[in-house]
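Shown next, in C-alpha cells, is the structure this report addresses.
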Amino acid sequence: MAYRPLTYSDYEQYVSVINEFRKTEFTAQQFNDVLDYVKKTGDIWIYVEEGKILATGTIFFERKLIFNTCTLAHIEDVCVISEKRGLGLGKKMVKYLFEQAKARGCYKVTLDCNDHNVGFYESCGLGKRGNQMCELISNL
Ligand SMILES: CC(C)(COP(=O)(O)OP(=O)(O)OC[C@H]1O[C@@H](n2cnc3c(N)ncnc32)[C@H](O)[C@@H]1OP(=O)(O)O)[C@@H](O)C(=O)NCCC(=O)NCCS
C-alpha cells in the first residue's frame, strides 16, 4: 500500500486525476497555494503504484468548541482513475481517510455526495444522517 500526502511535484498527474472527477483548471502556482492552505487543517492523500496516482481523497479537520472542543472530519474529492474503478480502491481510500480521522480523535466523519454515489459510501460504512442545507452563491 503506498498512500502518501500530495506534494508540489505531483501537480501534472493530479490535474489529470482530478479531471476524471470534475473538469477543472489551475496553474502550478495555484496548486501549490491550495496545497499549502489545505495542509494547515488536513491533507490531500493519494494512492500510488509504480509512480502512478491511482486514487485520491481529501480530509479536513474542523476544531469545534461544542462537545468539549471536539474535532470533526470532512471528506472531499474522492476519485479513482477510470481504468482502476471497481477494484476496491475507492473503498480503501475512504477507509484510509477514516483512519486519519480516528488518529486525530475525531468524533464524526461527514461528506456530501450526489445520488449516484450514495451506494458507494454506504458500502464504505457511511449512512444518511440529518439534512444538508445549501444555498448556491454561484454556479461553478
Ligand atoms: C466513486 C468512486 C470513488 C468509487 O471508487 P471505486 O474504486 O470504483 O469503488 P470500489 O471498487 O472501491 O467500490 C466499493 C463498493 O462500492 C460499490 N460502488 C462503487 N461505486 C458505486 C456507485 N456509484 N453506486 C453504488 N455502489 C457503488 C461497489 O460495487 C463496491 O461494493 P462492494 O464493497 O459491496 O463490493 C469512483 O467511481 C470514482 O472515482 N468516481 C468519480 C469521482 C466521484 O464521483 N467521486 C465521488 C465524490 S463524492
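First listed ligand is number 1; within each ligand, the first listed atom is number 1.
Within 6.0 Å of atom NZ in K39, more than 12 heavy atoms from other residues, nucleotides or ligands are found, so the atom counts as buried in its surroundings. Atom CG of N114 sits in a crowded spot, with more than 12 heavy atoms from other residues, nucleotides or ligands closer than 6.0 Å.
Looking only at heavy atoms of the protein, atom 21 (C) of ligand 1 is closest to F120 CB, 3.6 Å. Ranking protein heavy atoms by distance to atom 39 (O) of ligand 1, first place goes to V80 N, 2.8 Å. Nearest to atom 37 (O) of ligand 1 among the protein's heavy atoms is R85 CD, 3.4 Å. Of the protein's non-hydrogen atoms, the one nearest atom 24 (N) of ligand 1 is H116 O, 3.4 Å. Protein heavy atom in closest approach to atom 42 (C) of ligand 1: F21 CD1, 3.4 Å.
Expressed to the nearest 0.5 Å, how far SG of C70 lies from OH of Y107 amounts to 5.0 Å. Of the inter-residue distances, the one linking R104 atom CZ with R63 atom CZ reads 8.5 Å to the nearest 0.5 angstrom. Remark: C79 SG to Y14 OH distance equals 8.0 Å, nearest 0.5 Å. Distance OH/Y96 to CG/L89: 14.5 Å, rounded to 0.5 Å.
Of all the listed residues (C124, G90, G119, C79), G90 holds the heavy atom that lies closest to atom 5 (O) of ligand 1.
By the 3.5 Å distance cut-off applied to N or O atoms, C113 is not counted among the residues near ligand 1. Residue D112 places no N or O, backbone or side chain, under 3.5 Å from any N or O of ligand 1.
Each of the following atoms of ligand 1 lies closer than 4.0 Å to a heavy atom of G88: 10 (P), 11 (O), 12 (O). Distances below 4.0 Å separate heavy atoms of L89 from the following atoms of ligand 1: 7 (O), 12 (O). Remark: ligand 1 atoms within the under-4.0 Å shell around heavy atoms of G86 are 6 (P), 7 (O), 8 (O), 11 (O). Contact atoms of ligand 1 toward S123: 14 (C), 15 (C), 16 (O) (distance under 4.0 Å to a heavy atom of the residue). Residue contact check: N117 has heavy atoms under 4.0 Å from atoms 1 (C), 23 (N), 43 (C), 44 (O), 46 (C) of ligand 1. Of all atoms in ligand 1, listed by their number and element, those nearer than 4.0 Å to a heavy atom of V78 are 3 (C), 42 (C), 43 (C), 45 (N), 46 (C), 47 (C). Atoms of ligand 1 lying under 4.0 Å from any heavy atom of K91, numbered from 1 in the order shown and given with element: 12 (O), 14 (C), 33 (O).
Of the candidates L111, V109, I75, I75 is the only one forming a side chain to side chain contact (heavy atoms under 4.5 Å, CB included) with L97.
Formation of a donor-acceptor pair under 3.5 Å by the Q13 side chain with backbone atoms of D10 is not found in this model.
Under the 4.5 Å side-chain criterion, counting only non-hydrogen atoms from C-beta, V80 is not in contact with L54. No side-chain heavy atom of T56 sits under 4.5 Å from any side-chain heavy atom of L6. In this structure, L35 and F31 have side chains that are in contact, with non-hydrogen atoms separated by less than 4.5 Å.
Only the side chain of Y121 comes within 4.0 Å of ligand 1, counting heavy atoms alone; its backbone N, CA, C and O stay farther away. Only the backbone of L87 comes within contact range of ligand 1, with a heavy atom under 4.0 Å; no side-chain atom does.
The nearest protein heavy atom to atom 7 (O) of ligand 1 is closer than 4.0 Å. Under the 4.0 angstrom criterion, atom 35 (O) of ligand 1 counts as lacking any protein heavy-atom contact. Counting only heavy atoms, the protein never gets under 4.0 Å from atom 28 (C) of ligand 1.
The minimum heavy-atom distance linking F120 with G90 is given by the pair CZ-C, 3.4 Å.
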